[in-house]
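Working notes for the structure below.
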Number of protein chains: 4
Amino acid sequence: MARRATSGGSAGGGTEPGAATGSGASGSGTTGAVPERLLAEATRLFAEHGYDRTSVQEIVEAAGVTKGALYHYFGSKDDLLHEIYGRVLRLQTERLDAIATRPTPVTERIAEAAADVVVTSIQNLDDTKIFFRSMHQLSPEKQKAVRAERRRYHETFRALVEEGQRDGRFRPEPRPDLVVDFFFGSVHHLGTWYHADGPLTAEQVAAEFSDLLLHSLLRP
Amino acid sequence: MARRATSGGSAGGGTEPGAATGSGASGSGTTGAVPERLLAEATRLFAEHGYDRTSVQEIVEAAGVTKGALYHYFGSKDDLLHEIYGRVLRLQTERLDAIATRPTPVTERIAEAAADVVVTSIQNLDDTKIFFRSMHQLSPEKQKAVRAERRRYHETFRALVEEGQRDGRFRPEPRPDLVVDFFFGSVHHLGTWYHADGPLTAEQVAAEFSDLLLHSLLRP
Amino acid sequence: MARRATSGGSAGGGTEPGAATGSGASGSGTTGAVPERLLAEATRLFAEHGYDRTSVQEIVEAAGVTKGALYHYFGSKDDLLHEIYGRVLRLQTERLDAIATRPTPVTERIAEAAADVVVTSIQNLDDTKIFFRSMHQLSPEKQKAVRAERRRYHETFRALVEEGQRDGRFRPEPRPDLVVDFFFGSVHHLGTWYHADGPLTAEQVAAEFSDLLLHSLLRP
Amino acid sequence: MARRATSGGSAGGGTEPGAATGSGASGSGTTGAVPERLLAEATRLFAEHGYDRTSVQEIVEAAGVTKGALYHYFGSKDDLLHEIYGRVLRLQTERLDAIATRPTPVTERIAEAAADVVVTSIQNLDDTKIFFRSMHQLSPEKQKAVRAERRRYHETFRALVEEGQRDGRFRPEPRPDLVVDFFFGSVHHLGTWYHADGPLTAEQVAAEFSDLLLHSLLRP
DNA sequence: GATGAATGAGTCTTCATTCAT
DNA sequence: AATGAATGAAGACTCATTCAT
């Protein structure tokens with residue numbers, strides 16, 4: 001009776017620990033459970049060619065199953081995308097919540113949060129790429145759900161900025177919401193220029209981005 | 001057979017003065033020259049629904065012409081997109097070049113350049129939206145051309161950062177190329193959150209973004 | 001492999017007493033034996049959406065079982081339809097035979113037979129609806145079987161008409177077979193206009209139809 | 001600009017005089033205008049296999065065109081069906097209106113109307129078959145439109161019955177609306193038993209049906 | 001310069017049925 | 001007796017593009 005993945009839970013059951021999809025081997029297609037395989041191949045293909053340019057046929061071929069199998073687990077192509085979003089959002093929200101509630105100075109927490117989101121965005125670079133290009137291709141209702149989750153994430157981050165301003169450690173001028181949009185623009189943009197085989201490791205980029213953010217906030 | 005607009009030059013001829021597409025009139029479709037109308041409606045529709053989700057039929061209906069007319073002026077749907085890119089790139093490159101060569105301190109030039117690209121991105125918000133979502137939907141060769149133009153733009157900006165670092169006005173630590181990617185991520189992201197009817201004017205956002213960038217670079 | 005119900009006999013065994021489907025309870029799905037429940041829900045859904053528009057999935061969901069269960073009792077979707085036909089045909093044939101052999105004047109017998117088929121058609125309105133819309137969706141061989149049973153029914157009715165004409169009670173002009181087609185057209189059509197919550201009871205319609213038939217036959 | 005057939009007008013333009021589809025040659029497919037050919041083949045196939053069992057592919061193959069051509073003229077498969085309905089309804093409504101307004105006694109008018117609808121139903125037997133089997137496969141809104149037109153037809157016929165009852169020529173007992181449903185049931189049923197190569201001509205059936213109707217109404 | 005009918009490959013999705021368990 | 005994952009063929013519909021006029 002557990003047909004069709006609901007957007008809340010993971011489709012296949014397991015907790016798929018550390019399923020970094022950024023590295024993207026080109027379609028092994030025959031290992032692991034079917035829903036996971038479908039999700040992994042879909043992620044890879046959506047990142048590579050875009051959501052609209054990736055046909056369901058291509059996905060099932062890459063996963064080594066038939067279309068019927070895909071529609072047994074996912075209600076629609078759109079559902080696949082939603083599931084991919086859900087996975088990333090859950091991961092990043094959990095990590096941010098963990099960092100935001102630590103008993104350390106804001107400065108430190110915001111620096112860590114910034115660095116962390118850069119690292120996980122790079123580790124899941126395919127998801128990151130998909131996120132901004134394809135959000136508007138979700139059905140309106142699913143888009144709304146994703147935006148709501150995303151907003152919650154942003155609000156947590158913004159609260160850190162506000163805390164720093166109340167503390168007096170940060171300059172009072174910048175509007176916290178603009179700071180958030182400013183920084184996450186940079187993060188979301190990673191997918192368009194970062195390459196795993198480039199000169200910089202994820203940690204190096206994270207350190208620099210975190211540093212740029214902090215300097216833009218701190219009192220001189 | 002020699003009837004099509006070459007993809008490099010502007011299709012209709014003129015310099016389309018002040019063709020701000022951000023405000024988005026909802027498809028009057030009967031004023032002005034045919035190629036301009038097509039380009040304007042295509043821009044609006046691509047921004048609203050995405051390139052792949054916009055059919056040629058919708059574009060010609062919005063522009064009040066027939067398909068034959070579109071294919072008379074543009075070689076393909078893809079050509080329309082390329083033309084939109086060209087327009088925005090030319091505009092921003094010209095403006096940056098003008099600002100970068102002014103005889104003022106780097107600090108001032110970079111602040112102005114940053115503010116200016118925010119303002120023109122907001123004024124042409126539809127183009128901005130299209131830019132990131134649809135790049136990969138261009139044909140490989142056109143993509144290459146756009147990327148090359150974009151790179152030139154980034155290099156000019158990066159040169160300003162480097163100049164500031166050589167000057168000693170900017171902190172030496174940040175890698176100039178990362179600064180550029182950091183800042184332009186924020187700019188490109190404008191399309192996903194800025195709304196003309198929101199609480200902030202283009203100039204306010206420009207001032208804040210420019211300020212954040214400067215503070216992230218200046219020596220404390 | 002010998003596990004499927006043969007298409008001739010009733011699938012579940014018993015005589016399904018008073019299984020009037022016309023009233024159409026809206027899919028409780030958990031009372032009674034599985035095959036009866038499947039048949040009842042299938043009848044309701046076929047009448048509502050048509051045979052081709054009703055998926056096996058919908059039937060089993062309405063009946064609260066799984067597909068495996070359906071295919072355990074019925075060889076195919078087509079078998080379900082055939083079973084529905086069988087049920088209604090058996091019922092009406094039995095009743096007509098009983099009436100036709102009574103020791104009363106033809107006039108009376110034909111009036112009763114006409115009224116009776118109207119009442120039972122209305123009581124099983126879902127079956128009536130299905131009968132005409134879906135005959136051609138049966139497999140050719142099953143179609144042939146149903147037609148044969150139907151023909152037998154019509155012949156019994158026609159014999160009454162002929163008897164009335166030989167008697168001299170009925171006008172000699174009408175061709176008995178045309179009379180049968182004339183009248184049963186009206187009966188089959190009930191499904192397209194009769195509603196249980198309309199102004200007329202089944203008995204009122206039966207009385208009128210019977211009256212119209214008799215007047216069309218009787219000598220003036 | 002005249003894309004897509006509107007439900008009011010005939011798709012191809014012409015008035016297709018006397019386009020009797022009942023005889024049904026098996027798919028010449030290359031004569032006449034494209035929309036007419038599509039409509040003719042669709043009518044034949046829908047009558048033969050039912051609406052749901054006829055694929056768009058089969059229709060276009062029979063008509064000797066491609067799917068694109070079909071969708072150039074008709075918005076959907078559903079539209080084809082609606083167009084077929086419109087054609088028949090227009091024809092029969094016109095004829096009934098003409099007969100109903102003649103300056104002859106009701107008895108005569110109703111006899112002629114009854115005979116005429118039988119003849120035209122037989123001449124367009126494919127349409128007649130389709131009418132009852134496939135009505136519920138139309139989209140709800142189109143169904144509503146067809147029902148409204150049908151109701152108007154029935155009301156005109158019912159008015160004749162009422163007139164005859166007021167006149168005193170008809171028995172007062174039968175409810176006029178039931179008479180209409182009674183008779184049109186018979187007419188609609190023609191498609192399930194009448195064959196052009198059977199023993200009866202359309203006119204013979206028409207005469208008998210008309211006679212049966214009249215005798216059921218006239219005072220004894 | 002412009003039309004619009006026609007193409008044909010491609011899209012996502014549905015579904016009756018099977019089979020290992 | 002019953003499950004439910006998986007199949008594979010078929011479904012309706014879309015769309016960028018061409019070409020005779």
Side-chain angles (χ1 to χ4, degrees), chain A residues 1-4 12 33-35 38 51-60 63-80, chain B residues 1 3-4 33-35 51-61 64-80, chain C residues 1 3 33-35 51-60 64-80, chain D residues 1-4 12 33-35 38 51-60 63-80:
Chain A
M1 283 291 164
R3 272 175 66 257
R4 308 267 140 109
V34 171
L38 284 166
Y51 177 79
D52 278 327
R53 298 276 167 115
T54 302
S55 73
V56 168
Q57 188 59 42
E58 287 170 323
I59 298 170
V60 299
V65 299
T66 59
K67 274 191 233 185
L70 186 153
Y71 281 96
H72 183 69
Y73 292 106
F74 301 92
S76 62
K77 188 186 173 188
D78 182 279
D79 250 25
L80 273 173
Chain B
M1 280 291 167
R3 65 186 202 275
R4 260 129 204 192
V34 170
Y51 177 79
D52 278 326
R53 301 269 169 118
T54 302
S55 72
V56 168
Q57 187 60 40
E58 286 171 320
I59 298 170
V60 300
E61 270 169 22
V65 299
T66 60
K67 283 194 213 177
L70 187 151
Y71 281 95
H72 181 72
Y73 291 109
F74 299 92
S76 64
K77 188 186 173 186
D78 182 279
D79 253 23
L80 274 171
Chain C
M1 280 291 166
R3 65 186 202 273
V34 169
Y51 177 79
D52 278 325
R53 302 268 169 120
T54 302
S55 72
V56 167
Q57 187 61 40
E58 285 171 321
I59 298 170
V60 300
V65 299
T66 59
K67 283 194 212 175
L70 187 150
Y71 281 95
H72 181 71
Y73 291 109
F74 299 93
S76 65
K77 188 186 173 188
D78 182 279
D79 253 22
L80 274 171
Chain D
M1 284 290 166
R3 268 174 69 258
R4 308 270 139 108
V34 170
L38 284 165
Y51 177 79
D52 277 329
R53 299 277 166 114
T54 303
S55 73
V56 168
Q57 190 58 43
E58 286 170 323
I59 297 170
V60 299
V65 298
T66 59
K67 270 190 239 186
L70 187 152
Y71 282 96
H72 183 71
Y73 292 106
F74 301 92
S76 62
K77 189 186 171 187
D78 183 279
D79 251 24
L80 272 173

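Values below: all heavy atoms of this structure, side chains included; hydrogens, waters and symmetry mates excluded. Throughout, a chain's letter reflects where its sequence line sits, starting with A, and its residues are numbered from 1.
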message: When you measure from the side-chain N and O atoms of A:H72 to the phosphate of F:dA6, is any distance below 4.0 Å, counting only OP1 and OP2?
response: no

- request: Verify the contact: side-chain N or O of A:Y71 to OP1 or OP2 of E:dT14, cut-off strictly under 4.0 Å; return yes or no.
  value: no

message: Quick check for you: to the nearest 0.5 Å, what is the distance between A:Y73 atom OH and A:L80 atom CG?
response: 13.0 Å

- prompt: Just wondering, do C:Y51 and D:D52 contact through their side chains at under 4.5 Å, heavy atoms?
  reply: no

query: Quick one: on DNA chain E, does C:K67 or A:K67 contact a more 5' nucleotide (nearest heavy atom)?
result: A:K67

- request: Measure the spacing between NE2 of D:H72 and CG of D:L70 and express it to the nearest 0.5 Å.
  value: 11.0 Å

query: More 5' along DNA chain F: B:D78 or A:G68, using each one's nearest nucleotide?
result: A:G68

message: So if I take every side-chain heavy atom of A:Y73 and compare against E:dC12, F:dA6, E:dA16, which nucleotide ends up nearest?
response: F:dA6

task: Would you indicate, yes or no, if F:dA16 has its OP1 or OP2 atom less than 4.0 angstrom from a side-chain nitrogen or oxygen of B:K77?
output: yes

- prompt: CD of A:E58 versus C1' of E:dG10: gap in Å, rounded?
  reply: 11 Å

query: From B:D79 CG over to B:K77 NZ, what is the distance, rounded to the nearest 0.5 angstrom?
result: 13.0 Å

task: Nearest whole angstrom, please: distance from the P of F:dT14 to the CG of B:D52.
output: 16 Å

- line: Looking only at F:dT17, E:dA16, E:dT7, the nucleotide nearest the B:V56 side chain is F:dT17

- prompt: For B:Q57 and F:dT14, what is the distance between atoms CD and P respectively, to the nearest whole Å?
  reply: 12 Å

- line: Judged by nearest nucleotide, the residue sitting upstream toward the 5' end of DNA chain E, C:Y51 or B:A69, is B:A69

field: Nearest-nucleotide 5' precedence on DNA chain F, C:V34 against B:T54
entry: C:V34

message: Taking pairing as Watson-Crick or G-U wobble with both contacts under 3.5 Å, can you name the mate of F:dA1, or confirm there isn't one?
response: none

- prompt: Between F:dG8 atom P and A:L70 atom CG, what is the distance in whole Å?
  reply: 15 Å

- prompt: C:F74 has an atom CZ; how far is it from atom C1' of F:dA1, in whole Å?
  reply: 15 Å

query: For E:dA9, which nucleotide is its Watson-Crick or G-U wobble mate, given both distances must be under 3.5 Å?
result: F:dT14

- prompt: The side chain of C:S76 lies closest to which of these nucleotides: F:dC15, E:dT17, E:dT13?
  reply: E:dT17

message: I'd like to check A:V65 versus A:V60 (side-chain heavy atoms, cut-off strictly below 4.5 Å). Are they in contact?
response: yes

query: How many Å lie between CZ on B:R53 and P on E:dT11, as a whole number?
result: 14 Å

- prompt: With respect to the side chain of A:T66, which nucleotide from F:dA6, E:dT17, F:dT3 is positioned closest?
  reply: F:dA6

